[in-house]
Amino acid sequence: MSCKNPFNHDITPADAPLLNVQVDGQWVQLPRGLNVVEAAKRVGKFIPHYCYHPKLSISGNCRMCLIEMGTPKMGPDRKPIIGADGKPEIGWIPRPQIGCATMISEGMGIRTDSPMVQDCRKGVMEFLLINHPLDCPICDQAGECKLQEFSVEYGNEDSRFVEQKVHKPKQVDIGERIVLDDERCIMCSRCIRFSREMVNDDVLGFTQRGSHTTLAVHPGKRLDNNYSLNTVDICPVGALTSKDFRFKMRVWFLKETKSICTGCATGCNILIGSRENVVHRLTPRENELVNSEWMCDQGRLGFHYIHAEERLLQPTARVNSTTLPVAWDDAFAQIRDRIKSYKPEQIAIIGSARMTNEELFLLAELRAGLGGNAVLTDVVPRTGEADGILRSADLNPNTAGAKLFQISNDGKNLAAIKDGIESGRIKVLYALHEDPVGDAGLSEFALAKLDLLITQKLLKSHSTDIAHFSLPGASFAEKRGSMINGAGRLQRLNKAIATPGQTMDDFEILLKLRSTITGGNSLHTIEEVFKAVAASIPALSGLSLSKVGDLGVEVAPAAATVTT
Amino acid sequence: MSATCHDTQDHVELKPEFVAHADELISHYPVSKRSASLPLLHFWQETHGYISNQAVEWIAGKLGLNPIQILELVTFYPMFRQHPAGKFQIKVCRTLSCQLGGAYELREHFMKKLGITKVDEHGLGISADGKFSVEFVECLASCGTAPVIMVNDDFYEGVSHTQADELLQKYN
Ligand code: SF4
Ligand code: SF4
Ligand code: FES
Ligand code: FES
């Protein structure tokens, strides 16, 4: 497991002994160590719950998961009494138990939907709604709120409550990225336990008592840690909302696309929530082998550049000092005509470890067509600090891929490229998804010496202004492809939104540039490119994009050694 | 009903005896220091009159807890005060016998005599000079001699309004 969860109630060791358990009349075998909620889930029965979370300690405070249970009746010999069906007879406990804090045991009986259980759920729902404001129409959680869902599913048609509701603080600013509405809080304590157990940043707690109980952040402290927005995800109601996302979009309009975060080499699995070609939020997607159910705030909020005003939307070509829009095919042909006259030693490529394997593969082929190893090539390394939770020290998402396709030289060639340009030896620079000045550390002065500068980026900068050709590429949300994370896991990106304006998916740009410059045009689709990738790398042999699946596959970890 | 501590409070220098006694209290709970939370809170309030932000943070630090875990307790129990009470604290029993015996009228009398018009979230009112505070408490276990009050740790039974006036003189 690469994410250290404090608890994993939903996972049992492979060698856990099987127990015979009766669930709603059916005898099944389930591994020891599961609680009743998880056991029921394994046989397709859903026990509604609020406070229980499979990755946090069990607090058993919401009572929504009440079930009926029993244990085998014992004979005078202290042996279970066997009934006519050859199974133990069950002595049912005459009052409900909470499923989340009850471990299954041999011969146990569970009723997940008996009249008593249904009654209990109705009662719990009624209590929970006593002080809850009826503000679903303006609540950000509406549409993905467990209180709404369980009301429909298990609650009552109307309310018997005629007294005054207790009022509590609204719109409490508890952190840089989070707003709390205390009236909506159902006191499940998930957010408290997450902060305490997962992030060790124990700033939340309940103050006051009884129906005045109030979730509060300690005076003078803030819920500001880099994982704070996960509390918004696990809050079953609209008490905790994300400042970044609130009031931007009703969740039922969001199309959710499975992809991965490109914020660092961890490659957390995510859902991209978009509507009509606008990305509105990223949320973590469960993958026990990568990020479990979490992601960091930096990764989660680091997508807004996609829709930035400086986004380049049109390929351009510069003649003398005028920059004009150019048709893609003309750009490719002009690049071919101009690049032809340079020797490989006069050409340099700055690629990026943020590019997909498919793009890196095509870039490597293009490089081969331009003269192979003589073309100085590198990527820009980015290092930060690993936080021991999810974030990797490597802030590039595909360092492993960049190495695999020999585009990366760990940044060691950057100085040589810089020297070459400054001394006039290198005349042509092709920079992809790295800014030659801002990221790769070249000087504007050096760039001005180039005969041919080709940039392939998302955002406008001085480099794209002075580039002879500026080719606007696609963001992670606008493309398909694959990357290899720091642990050697091959994972897929999926396209959530269309490329804006005249921008083009990078693999297509590279494909067209490659066929224009070096001829050969056997590849067309991303699947074909991946197949070619897989055929060229032993560690990936036999794989196809569809075989990689939503959760990725582990490829040779050795191929993915990460520099830190 | 706010959870915040007062930040306009004076910082107190802790005497070595105070710290020593706190350590002694903590040593009673070798398995989990956290169990010393309540004893320490009581001790602090007895010594310094109320639970300040400094108290919350000092106790949390002593016990290796986060301040919010202490604040949870402080706000849970109304007996913990987050701001000073009077120098002399008049506690009027309001449980059934005393209520029938005129506890409400007695409290009203104290309030009027002391010119107290405002009370805090727990019903505690303080005289303008800070000398007296008046509050209701629950049964003081002398139900046969209602109404019963305590002034700090002194106990008074069957308190008439005249006696009340005398007490205000006595504790001046
Ligand atoms: S804010 Fe949400 S997660 Fe936290 S205790 Fe309240 S309902 Fe639960
Ligand atoms: S840990 Fe890395 S991959 Fe995961 S969300 Fe954060 S930046 Fe993205
Ligand atoms: S889920 Fe079991 S008590 Fe809340
Ligand atoms: S009711 Fe006042 S002392 Fe018992």
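Since the model is a prediction, treat every value here as computed from it, not as a measurement. Proteins come first, then strands; the chains are lettered A, B, ... in the order of their sequence lines, and each starts at number 1.
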Engineer: Can you tell me how far apart NZ (A:Lys221) and CG (B:Leu71) are? Round to the nearest 0.5 Å.
Structural biologist: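 Taking NZ in A:Lys221 and CG in B:Leu71, the distance rounds to 11.5 Å.
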Engineer: A quick test of your reading: do over 12 heavy atoms of other residues, nucleotides or ligands sit less than 6.0 Å from CZ of B:Phe43?
Structural biologist: yes
Engineer: Quick one, B:Glu57 and A:His218 - any side-chain contact, counting heavy atoms below 4.5 Å?
Structural biologist: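 Side-chain contact under 4.5 Å: yes.
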Engineer: Tell me if the NZ atom of B:Lys62 is crowded by more than 12 foreign heavy atoms within 6.0 Å.
Structural biologist: yes
Engineer: Kindly check if the number of other-residue, nucleotide or ligand heavy atoms within 6.0 Å of CZ (A:Arg32) is above 12?
Structural biologist: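 Not buried by this count: 12 neighbours or fewer within 6.0 Å.
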Engineer: Report the option among B:Leu73, B:Ile68, B:Val74 that has the most heavy-atom pairs separated by less than 4.5 Å from atoms of chain A.
Structural biologist: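 With the most close heavy-atom pairs to chain A, the winner is B:Ile68.
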Engineer: Looking at A:Gln164, I'd like to know if its CD atom is crowded, meaning that more than 12 non-hydrogen atoms belonging to other residues, nucleotides or ligands lie closer than 6.0 Å.
Structural biologist: no
Engineer: Looking at every heavy atom in both B:Glu72 and A:Gly205, which two are closest together, and how far apart are they?
Structural biologist: OE2-CA, 3.0 Å
Engineer: Using the side chain to side chain contact (heavy atoms under 4.5 Å, CB included) rule, take B:Thr75 and A:Arg209 through it: C-alpha gap first, then chi angles, then the decisive distance, then the call.
Structural biologist: CA-CA 7 Å; B:Thr75 57; A:Arg209 187 177 74 245; over 6 Å; no
Engineer: Hey, could you give me the CZ/OG1 distance between B:Phe76 and A:Thr213, rounded to the nearest 0.5 Å?
Structural biologist: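 If I round to the nearest 0.5 Å, the distance is 7.5 Å.
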Engineer: Taking atom CG of B:Asp23 as the centre, report whether more than 12 heavy atoms of other residues, nucleotides or ligands fall under 6.0 Å from it.
Structural biologist: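 Yes, because the 6.0 Å sphere around CG of B:Asp23 holds more than 12 heavy atoms from other groups.
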